**Student:** 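Sending over a structure as C-alpha cells; questions will come in a sec.
Computed over heavy atoms, backbone and side chain alike; hydrogens, waters and symmetry mates excluded. Keep in mind it's a predicted model, so treat the numbers as computed, not measured.
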Amino acid sequence: GDGLALARRLANRGVRDVILIAAPREKYAGDALTNLGVVSRMAIPLYEIDSVPPSGTLAGVLEHETAPALIVD
C-alpha cells in the first residue's frame with residue numbers, strides 16, 4: 001500500500017505517474033485497499049502486471065507508457 005500512497009501524493013504534486021500492481025485487485029485489504037480505491041478514483045493509469053499478456057506484462061505496459069524515470073517497489 002505504501003507505493004500506492006506515494007503514487008497518490010506524487011500525482012497531487014503534478015507528477016505524471018503510472019501504477020503497476022502485482023496482485024489481483026481483490027487480494028488487497030486494509031490501507032492498501034483504501035489507497036487502491038483512491039488512486040483508481042484519481043484516474044492514475046493502473047495496470048495489473050499478472051493479468052493476461054501482453055498488456056499485463058511490464059513490456060506490454062511500457063508499449064503504452066513512456067519509459068520510467070523512477071520505479072518504486
**Student:** Compare every heavy atom of N12 with every heavy atom of M42, then report the nearest pair and how far apart it is.
**Tutor:**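 That would be CE-OD1, 3.3 Å.
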
**Student:** Return a table of donor-acceptor pairs under 3.5 angstrom between the side chains of residues 14-31 and protein atoms on other chains or two or more places apart.
**Tutor:**
| residue | atom | partner | partner atom | Å |
| --- | --- | --- | --- | --- |
| R16 | NH1 | E65 | OE1 | 3.4 |
| R16 | NH2 | E65 | OE1 | 2.4 |
| R25 | NE | E48 | OE2 | 3.0 |

**Student:** Taking side chain as C-beta onward, heavy atoms only, is L46 less than 4.5 Å from L36?
**Tutor:**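 Yes, side chains in contact.
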
**Student:** For a side chain to side chain contact (heavy atoms under 4.5 Å, CB included) check, start with the C-alpha distance between V38 and R41, then their side-chain angles and the critical distance, and finish with the verdict.
**Tutor:** CA-CA 5 Å; V38 171; R41 287 188 301 278; 3.5 Å; yes

**Student:** Test of understanding: with side chain to side chain donor-acceptor pair (under 3.5 Å), list the residues that count as partners of R9, not counting sequence neighbours.
**Tutor:**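 R9: no side chain to side chain donor-acceptor pair (under 3.5 Å) contacts found.
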
